[in-house]
Amino acid sequence: MVHSASVSLFIGQVRALPESGRPTGMYKTAVQTPITLGVNGFDGDQQADLRVHGGPDKAVHLYPTRHYAQLAAKFDDAAALMQPGSMGENMATPDLDEHDVRLGDVWQLGTARIQVCQPRNPCWKIDERFGADGMALFIDQHLLTGWYWRVLQTGVVKPTDRLLLHEAASHAPTLHQAMMLWREHRPDLDTLSALAEIPGIAKVWQDKIRQRVRYLTP
């Protein structure tokens, strides 16, 4: 199990997408100085559509750096644009992906403590940002989503700080296992119900899981 990871930090202001002109917070720049991490994310970071982005259960988005190679191989015309920060993430790391963290894990970053609470749902803006039709669908189908953290303890983070495992949710599934279960066509309903009760899970995902259990229950 990975207990420590190097990270790069990114924040950004709302900008217009290149074709539609629709606003997006995907364009980020690297953080070079210490920055405050509050319950809604890093100081100075913005989201365009607060109905589906931002808030305590989407305070910080991490995207695994290793996913970019797979995306570049599939969407080679966009490969030059693929670099840490370009997926709109606040944190990038070469050391972790969805197989390495568990739902509910608590990690230390600087003086802040953050908790893995849900995967990211990729949206159509990814396709326009990279000029690559089908990229968001590919990310979704191959579970290359990254994840969101909630902030349990606010604090200050330096660009040189490492991400350190503080409290492992040892009895919870990895995020990849949780996503696989959520995607199963006919999941075991007891197992799916148990997923919704894992401490730390984001309420919006918990509600969706419970709704699906009710729908699938004979």
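The basis for the numbers below is simple: all heavy atoms, side chains too, and nothing from hydrogens, waters or symmetry mates.
- In terms of heavy atoms, Met1 sits closest to Ala168 at CE-CB, 3.8 Å.
- In this structure, the side chains of Trp124 and Leu17 come closer than 4.5 Å at one or more pairs of heavy atoms.
- Other residues sharing the hydrophobic cluster of Leu216, ordered by chain and number and joined by side-chain separations under 4.5 Å: Leu189, Tyr215.
- When the side chains of ILVMFWY residues are joined at heavy-atom separations under 4.5 Å, either directly or via intervening members, Val157 and Leu152 end up in two distinct hydrophobic clusters.
- Among residues two or more places apart in sequence or in another chain, the side chain to side chain donor-acceptor pair (under 3.5 Å) test is passed with Glu184 by none.
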Audit row: Ile209, Ile201, side chain to side chain contact (heavy atoms under 4.5 Å, CB included) steps and yes/no
CA-CA 11 Å; Ile209 293 169; Ile201 189 171; 3.8 Å; yes
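- Within the structure, the salt bridge (Lys or Arg N to Asp or Glu O under 4.0 Å) test picks out the following pairs touching residues 209-218 (sequence neighbours left out): Glu197-Arg210.
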Carefully, step by step, assess Gln118 and Lys58 under the rule side chain to side chain contact (heavy atoms under 4.5 Å, CB included).
CA-CA 8 Å; Gln118 64 179 316; Lys58 294 182 178 179; 3.5 Å; yes
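- When every heavy atom of Leu103 is checked against every heavy atom of Ala169, the shortest pair comes out as O-CB, 3.4 Å.
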Side-chain donor-acceptor distances from residues 7-15 under 3.5 Å, at least two apart:
unit_1: Gln13; atom_1: OE1; unit_2: Gln46; atom_2: NE2; d: 3.0
unit_1: Gln13; atom_1: NE2; unit_2: Gly44; atom_2: O; d: 2.6

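- Listed by first and then second residue, the side-chain hydrogen bond (donor to acceptor under 3.5 Å, both in side chains) pairs that reach into residues 128-147 are Ser20-Glu128, Asp140-Arg183, sequence neighbours excluded.
- Each salt bridge (Lys or Arg N to Asp or Glu O under 4.0 Å) pair with one or both residues in residues 142-153, not counting sequence neighbours, appears once here: Asp57-Arg150.
- Taking Ile, Leu, Val, Met, Phe, Trp and Tyr as members and joining any whose side-chain heavy atoms lie under 4.5 Å apart, directly or through other members, the hydrophobic cluster of Met135 also contains Met26, Tyr63, Tyr68, Leu71, Phe75, Leu81, Met82, Met87, Ile126, Phe130, Phe138, Ile139, Leu144.
- Between Leu163 and Leu96, the closest side-chain pair of non-hydrogen atoms falls below 4.5 Å.
- With a 4.5 Å cut-off on side-chain heavy atoms, Gln115 and Val106 count as touching.
- The shortest distance between side-chain heavy atoms of Ile35 and Asp45 does not fall below 4.5 Å.
- Here the closest non-hydrogen pair linking Glu89 and Ala92 is OE2-CB, 4.0 Å.
- Within the 4.5 Å cutoff, the side chain of Glu98 has heavy atoms near those of the His67 side chain.
- In plain terms, the two heavy atoms of Ala79 and Ala72 that are nearest each other are CB-CB, 3.8 Å.
- Note: Thr174 OG1 to Met180 CE = 10.0 Å, rounded to the nearest 0.5 Å.
- Arg102 pairs by the salt bridge (Lys or Arg N to Asp or Glu O under 4.0 Å) definition with nothing, not counting sequence neighbours.
- Listed by chain and number, the residues in a side chain to side chain donor-acceptor pair (under 3.5 Å) with Asp190 amount to none (sequence neighbours excluded).
- Listed here is the closest heavy atom pair of Pro34 and Val156: CB-CG1, 4.0 Å.
- A distance of 6.5 Å separates NE2 of His166 from CD of Gln108, quoted to the nearest 0.5 Å.
- Here the straight-line distance linking atom CG of Asp105 with atom SG of Cys117 works out to 11.5 Å at 0.5 Å rounding.
- Other cluster members for Val39: none, since no ILVMFWY side-chain heavy atom sits under 4.5 Å from it.
- Sorted by first then second residue, the salt bridge (Lys or Arg N to Asp or Glu O under 4.0 Å) pairs that include residues 61-82, not counting sequence neighbours, are Arg66-Asp97, Arg66-Asp100.
- In terms of heavy-atom proximity, Ala136 sits nearest to Cys123 at CB-O, 3.3 Å.
- Proximity of Thr191 to Leu195: side-chain heavy atoms (C-beta onward) are nowhere separated by under 4.5 Å.
- Under a hydrophobic-cluster definition in which Ile, Leu, Val, Met, Phe, Trp and Tyr are linked whenever side-chain heavy atoms come within less than 4.5 Å, directly or via other members, Leu164 and Val101 are assigned to different clusters.
- Ile198 and Val204 fall into different hydrophobic clusters, where Ile, Leu, Val, Met, Phe, Trp and Tyr residues are linked whenever their side-chain heavy atoms come under 4.5 Å apart, directly or through other members.
- Screening residues 161-171 for salt bridge (Lys or Arg N to Asp or Glu O under 4.0 Å) gives Lys158-Asp161 as the qualifying pairs, with residues at least two apart or on separate chains.
- Put simply, the side chain of Leu37 does not reach to within 4.5 Å of the side chain of Trp149, judged on heavy atoms.
- A single hydrophobic cluster is seen to contain both Leu192 and Leu175, as judged by linkage of ILVMFWY side chains at heavy-atom distances under 4.5 Å, directly or through other members.
- Within the 4.5 Å cutoff, the side chain of His61 has heavy atoms near those of the Tyr148 side chain.
- Between His176 and His99, the ring planes are parallel. Angles under 30° get that label, and only those over 60° would be called perpendicular.
- Between the side chain of Thr93 and the main chain of Pro64, no donor-acceptor pair closer than 3.5 Å is present.
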